[in-house]
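Along the sequence shown, residues carry numbers from 1.
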Amino acid sequence: MAKFLISKSRPLSGEVDVSGSKNAVLPIMAASLLTEGKCEISDVPLLRDVDVMCGLLRSIGSSVNEKDDGHTIEIVTKNIALQEAPYELVKKMRASILVMGPLLAKTGRAKIALPGGCAIGSRPINLHLKGLAALGAKIVEEHGFVEAKADRLRGGNVYLDFPSVGATENIIMAAVLAEGVTVLENVAEEPEIVDLASFLNKMGAKIKGAGTDTIKIEGVAALNGARHSVIPDRIETGTFMLAAAITRGDVLIKNIVPDHVKPVIAKLKECGVTVEDTDDGVRVRCLKAPLISTDIKTLPYPGFPTDMQSQFMAFLTTVTGTSMVIETVFENRYMQIGELNRMGANIKIEGRGAVVQGERLLQGTQVLATDLRAGAALVLAGLAAEGTTEISEIYHIERGYSDFIEKLRKLGAGVTRVEE
Ligand code: EPZ
């Protein structure tokens with residue numbers, strides 16, 4: 001098994017280019033099933049999860065060709081041979097569930113292995129199924145699979161009890177070919193929803209309101225192929241902002257959309273970090289000392305992103321003062337706490353929140369990545385910790401960060417990837 005070895009880093013400095021968004025490219029790739037036309041997707045990040053989605057589309061019947069060393073993917077689905085997502089792919093990547101809406105809309109049937117839970121929570125799909133049923137699908141769950149069937153989906157009204165990102169995406173992708181108008185309320189407003197809607201509208205869909213809590217979709221008879229460039233990854237953006245902050249460095253983060261990381265910028269500024277918009281990107285510097293504590297509460301977009309919670313917690317162990325971190329989106333997203341405490345942090349869970357003591361002198365040791373963002377938090381902690389931090393189970397990290405180690409090394413970090 002491969003590991004990351006991370007030594008205490010001098011203040012990071014230089015420039016880093018952020019890659020395309022993992023959480024935008026996955027639904028957009030799934031949406032390509034909605035047409036027989038050619039879809040060309042560019043600015044694709046080099047990630048395990050993208051490889052898994054390519055494999056899933058190929059198993060369904062798509063031809064998937066990678067160009068520009070993988071940063072451009074061409075997908076043509078002339079014929080859908082298999083209307084299913086098998087368990088071995090779904091257990092590798094929960095986002096496989098995103099082929100359900102397109103398969104149902106295009107072929108009238110979709111059979112998906114139930115994704116089950118993961119490290120951060122039970123991850124139910126009840127809201128996905130509620131939405132598809134509202135469009136006329138018959139849903140049957142048995143033997144660990146869920147099957148949705150409909151001769152022809154028809155427009156309907158759906159209120160999401162929680163603004164689920166995946167449910168919003170699945171229902172949009174089903175509704176674009178439904179007969180009539182669909183109105184979705186209390187939906188997710190994430191930038192990745194806007195990017196998916198932008199791609200679908202280029203294909204000929206009629207979607208209005210993406211990025212707000214209400215989306216209106218007028219079904220069309222068919223969609224065409226389209227070209228699309230994926231938005232930058234806002235979570236990778238935030239992660240590198242924190243790499244600069246936790247090492248007290250000076251880093252220019254390029255190829256980003258500052259608006260997409262407003263909550264992270266606001267919180268860094270509350271801690272005394274200098275964050276400046278420039279023509280080339282956002283510059284993160286630490287001119288004031290000491291940096292001070294703040295409180296974080298994760299919320300659906302445009303609130304503070306849950307995917308940045310563990311990374312920000314690692315940073316808060318190094319500032320002056322005590323911080324409160326409250327995770328409201330997932331029920332079990334504090335897996336990083338145990339490992340951070342083994343590095344010398346002092347973080348206590350109290351109810352739904354975590355109390356983070358500051359000014360901790362972290363020490364490098366052997367730690368385990370339990371999930372993607374907890375793993376990223378351990379990388380950041382390793383940059384600040386005395387000695388060497390050895391992170392195992394790094395496949396969690398590599399599924400969501402493209403060229404992570406290379407980008408950190410370019411900024412002066414002492415990180416290496418070793419095979420056991
Ligand atoms: C997407 O997951 C992201 N993944 C996650 O990023 C992100 O953390 C999450 O949205 C929230 O922003 C992708 O886009 C591939 P949700 P998703 O449905 O769609 C509950 C990362 O690190 N819920 O918005 O699965 C659910 O239990 C990953 O890149 C239901 O109750 O998230 C959770 O508590 C991790 N019923 C909350 O909603 C449902 O039917 C948010 O889940 C669906 C969700």
- Can you list the residues that meet the salt bridge (charged side-chain N to carboxylate O under 4.0 Å, His left out) rule with K407, with sequence neighbours excluded?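 Salt bridge (charged side-chain N to carboxylate O under 4.0 Å, His left out) list for K407, sorted by chain: E236.
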- Item | Residues that R94 engages under salt bridge (charged side-chain N to carboxylate O under 4.0 Å, His left out), provided they are two or more places apart |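 With neighbours one apart ignored, the set is empty.
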A side-chain contact here means heavy atoms from C-beta on lying under 4.5 Å apart; do [X] and [Y] qualify?
{"X": "M324", "Y": "I326", "answer": "yes"}
{"X": "D213", "Y": "P163", "answer": "no"}
{"X": "K216", "Y": "I207", "answer": "no"}

- Item | Intermediate values then yes/no, salt bridge (Lys or Arg N to Asp or Glu O under 4.0 Å), E406 and R417 | CA-CA 10 Å; E406 292 76 11; R417 182 184 193 277; over 6 Å; no
- Task: Keeping the roles fixed (side chain from T298, backbone from T328), state whether a donor-acceptor pair exists under 3.5 Å.
- Result: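 Side chain of T298 to backbone of T328, a donor-acceptor pair under 3.5 Å: yes, one is there.
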- Under the ring pair (Phe, Tyr, Trp, His ring centres under 6.0 Å) test, residues paired with F4 that sit two or more places apart: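 Counting only residues at least two positions away or on another chain, F4 forms no ring pair (Phe, Tyr, Trp, His ring centres under 6.0 Å).
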- Task: Report the residues that fulfil ring pair (Phe, Tyr, Trp, His ring centres under 6.0 Å) with H396, sequence neighbours left out, ordered by chain and then residue number.
- Result: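 If we apply the ring pair (Phe, Tyr, Trp, His ring centres under 6.0 Å) test to H396, skipping adjacent residues, there are no hits.
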- Item | NZ (K202) with more than 12 external heavy atoms under 6.0 Å |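 Buried by this count: over 12 neighbours within 6.0 Å.
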- Query: When you look at NZ of K130, are more than 12 heavy atoms from neighbouring residues, nucleotides or ligands closer to it than 6.0 Å?
  - Reply: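 Counting other residues, nucleotides and ligands, NZ of K130 exceeds 12 neighbours.
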- What pairs with K254 under side-chain hydrogen bond (donor to acceptor under 3.5 Å, both in side chains), at least two apart in sequence or on another chain?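 By the side-chain hydrogen bond (donor to acceptor under 3.5 Å, both in side chains) rule, K254 matches E15.
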Please table the atom pairs, donor to acceptor, closer than 3.5 Å between any side-chain atom in residues 144-160 and protein atoms at least two apart or in another chain.
unit_1, atom_1, unit_2, atom_2, d
E147, OE2, R109, NE, 2.5
E147, OE2, R109, NH2, 3.1
R152, NH1, L177, O, 2.6

- Query: Taking atom types as modelled, is there a side-chain donor on Y334 or Q336 under 3.5 Å from an acceptor on the other?
  - Reply: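 The criterion, which ignores hydrogens and geometry beyond distance, is not satisfied for Q336 and Y334.
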- Over all atoms of both residues, closest heavy-atom pair of G344 and L362: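 So the minimum-distance heavy-atom pair works out to C-CD2, 4.0 Å.
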